[in-house]
Every structure is written in C-alpha cells, then in structure tokens.
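A short write-up of the structure that comes next.
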Protein chains: 2
Amino acid sequence: MKIDGIDKTIIKMLINDARTPVLSIARKVGVSGAAIHQRLKKLEKSKLIEGYKMIVNPKSLGYTTTAFIGVFLDASSQLAPTIKSLKAIPEVVESHYTTGNYAVFIKVLCKNNEDLMYLLNKDIQNIKGVLRTETFISLEQHINRQILI
Amino acid sequence: MKIDGIDKTIIKMLINDARTPVLSIARKVGVSGAAIHQRLKKLEKSKLIEGYKMIVNPKSLGYTTTAFIGVFLDASSQLAPTIKSLKAIPEVVESHYTTGNYAVFIKVLCKNNEDLMYLLNKDIQNIKGVLRTETFISLEQHINRQILI
DNA sequence: AATGAAAGAAGCACAAC
DNA sequence: GTTGTGCTTCTTTCATT
C-alpha cells in the first residue's frame, strides 16, 4: 500500500474531522471530487482506515475518573474467561495481555473514586483467578492522539 | 443536558460510523431530517460530542508494538518540561499524571521491539529528571471501546 | 489515476405549526 | 420540538482521457 501526499492530506483532514466532505478535501488539494472519492474508497478497502467514530466526552456523561489497573492472575487461570468477565464490565474500555508483572492490564472510566473502589472490590476481585490488583488513577491526561501518518 | 432515546440513537449510530448521513438516522428513528440535524447541532454545542475522527489502523503503518511505560521522576522535577519532552516523541500517544508508584504513565506505539528499546533508552531516559522506567508490552489487546451512553 | 457531467441524496436554514 | 420546503452542496457513478 503506497500512500502519497494526497492520501496523507485526505487522512489528516479526516482524522481531524471525519465528517469533512470529500469535496472540501478536493478543493484543498486541487483535484476533482471524484478523484478524492476513489482514493478514499481505496484507503478504506486497504484496512489502513479502521473506521470513522464520533468521540463522546466521558466527562459530559459524568465519567470523571480514569484509571489503569494491573491485574494479577493465579498461574492456573485461563485468559479467555477472564476477558469475558472484563468485557461484561462496561467501565472497562481497554484490556491488554501484557508482559511484566501483570497478566492483564486494563483502562477503566468511572464516575468517581467511589465507583472505582466498588469496581475494584466487587467487579474485578470477584473474577475467578484474580489474585490482586494495582491501580493508577489518572489525575490529568496531557497527551491523547493518534500515531502520525 | 437531557438526552432522550432519539439522541441516544443518533449518538450510537455516529459512534459506529461517524459518516452516517443525518437522513439515514432520520429514517431509522422515524422523524424528519431537519429534526435530527437540529438535535445533532445541539449535541455538538453541548460538548457531549468531542468530535468525529477517522481511526487509522497503526498496524497498517507498521506500528505493531503497543506498550505502557511507568516513568519515575526525581522529586525536584517539574512536570511541565517533562510533558513537553514527551509531546515531542511522536510514538507517545497518551500521557497521564498518575497516583501510585509512577509520576507519569504513558502509552506508546512502536514499529517493533527494537524501536521500543531505542525509545526507552534514548528518548525517555534522556529526559531531564527521569530516574527509571517500567515497561509493560501489550501482547494482545482484547477490549477497545468507548464508554456506553 | 484523474476528469467532467449528471442524477440522486444529503445538508442546512427558515417559516410555520 | 418538529415539520415541510426550497436552495445549496455533496456523493456516487460512469464514460472519457
């Protein structure tokens, strides 16, 4: 998959605003709308573009607490059922199988610290195989971006 | 800010595909396009909607390694210059000021483990005030989603 | 790959209910 | 809040280069 300057402009403009009309990209780069349209379809087919998402502000929904949780599993635990249990917790927005101390590393969004405590003590601790957890609460997020193209 | 069922449908459809036309949302919920259009403008003004973003697949760009890095800073270090240095590293996609062991907790995307090693030993370690780091490489990501509305 | 043209679809604003 | 309407703009396809 070769990406030239025009493709980069398309991607940059749509990363910035996914609802940007094809025609306004076309005017920006100085080619026809049909050309941009065809390039965009090709980019979408190439799997370089995963999709277009509206980004909802969690704070507007009352989710003010972000935390990362390292989860220790006992040696005999299977990963699959643990993941399934984590998926059932709506506050869990990311889950990774990681090297290092933890077996599973998750990112959660909670309405407040009390809800986080409840999530830790009830939802997480009650998952079969979970030994203990280590929590890092994000007091402030300074960087939030995608990889550069 | 009150959100009713129609608003939820708008949000759900646009989270799924930010380029969904207003009129196809309108047909889905059974109201006029103008009504959806006006609701959407109101939602955008309310800051509940942060924006619309094209999601690029990092793997398509060769970024196959995701890692979380806990950064220890010496006690006298200021946070602001550290953040500035981190912002200058394009692989750093998230940065949080956290409670717990670390001062700063970051998420990085690298092309491979060698690049990650370089990033740790050169880019990160050379930042003034950084004492040491702890790295968790994500071997697999099972969950990646937004908070439910 | 890009273009221009053309038809249908969608966006948007406004008056009216 | 919602609707209908009218105008503008955009999307999408296709024959052409």
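Owing to the predicted nature of the structure, the values given are computational and were not obtained by experimental measurement. Letters A, B, ... are given to chains in the order of the sequence lines, protein chains preceding strands, and every chain is numbered from 1.
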Just checking, is any N or O donor in the side chain of A:Asn113 or A:Thr65 under 3.5 Å from an acceptor N or O on the other one?
yes

Side-chain atoms of B:Ser32 come closest, of D:dT2, C:dA2, D:dT11, to D:dT2

Determine, for A:Glu134 against A:Arg132, whether the closest basic-nitrogen to carboxylate-oxygen distance falls under 4.0 angstrom.
yes

Map B:Ala34 and A:Arg19 onto DNA chain D by nearest heavy atom, then report which one ends up closer to the 5' terminus.
B:Ala34

Using OP1 and OP2 only, check whether a side-chain N or O of B:Lys42 sits under 4.0 Å from D:dG1.
yes

Measure from the side chain of A:Arg39, starting at C-beta and using heavy atoms only, and say which of C:dA1, D:dT2, D:dT11 lies closest.
C:dA1

Please check the phosphate of C:dA10 (OP1 and OP2 only) for any side-chain N or O of B:Arg27 closer than 4.0 Å.
yes

Distance, rounded to the nearest Å, where B:Leu23 contributes CG and C:dC12 contributes P
11 Å

Whole-Å distance, B:Ile36 CD1 to C:dA9 C1', equals 17 Å

Counting side-chain heavy atoms from CB outward, which of D:dT12, D:dT3, D:dT2 is closest to B:Val31?
D:dT3

Can you measure B:Ile10 atom CD1 to C:dA10 atom P for me and round it to whole angstrom units?
16 Å

Write down the distance between NZ (B:Lys2) and P (D:dG1), rounded to a whole number of angstrom.
7 Å

Taking A:Thr64 for the side chain and A:Lys111 for the main chain, is one N or O donor matched with an acceptor at less than 3.5 Å?
yes

To the nearest Å, how far apart are A:Ile25 CD1 and D:dT12 P?
12 Å

Whole-Å distance, A:Lys41 NZ to D:dC14 P, equals 14 Å

Ionic contact status for A:Lys107 with B:Glu94, cut-off 4.0 Å
yes

Counting only side-chain nitrogens and oxygens, does B:His37 get under 4.0 Å of the OP1 or OP2 atom of C:dG11?
no

A:Glu91 and A:Tyr118: side-chain donor and acceptor closer than 3.5 Å?
no

In whole angstroms, how far is the C1' atom of D:dT5 from the CD atom of B:Gln38?
13 Å

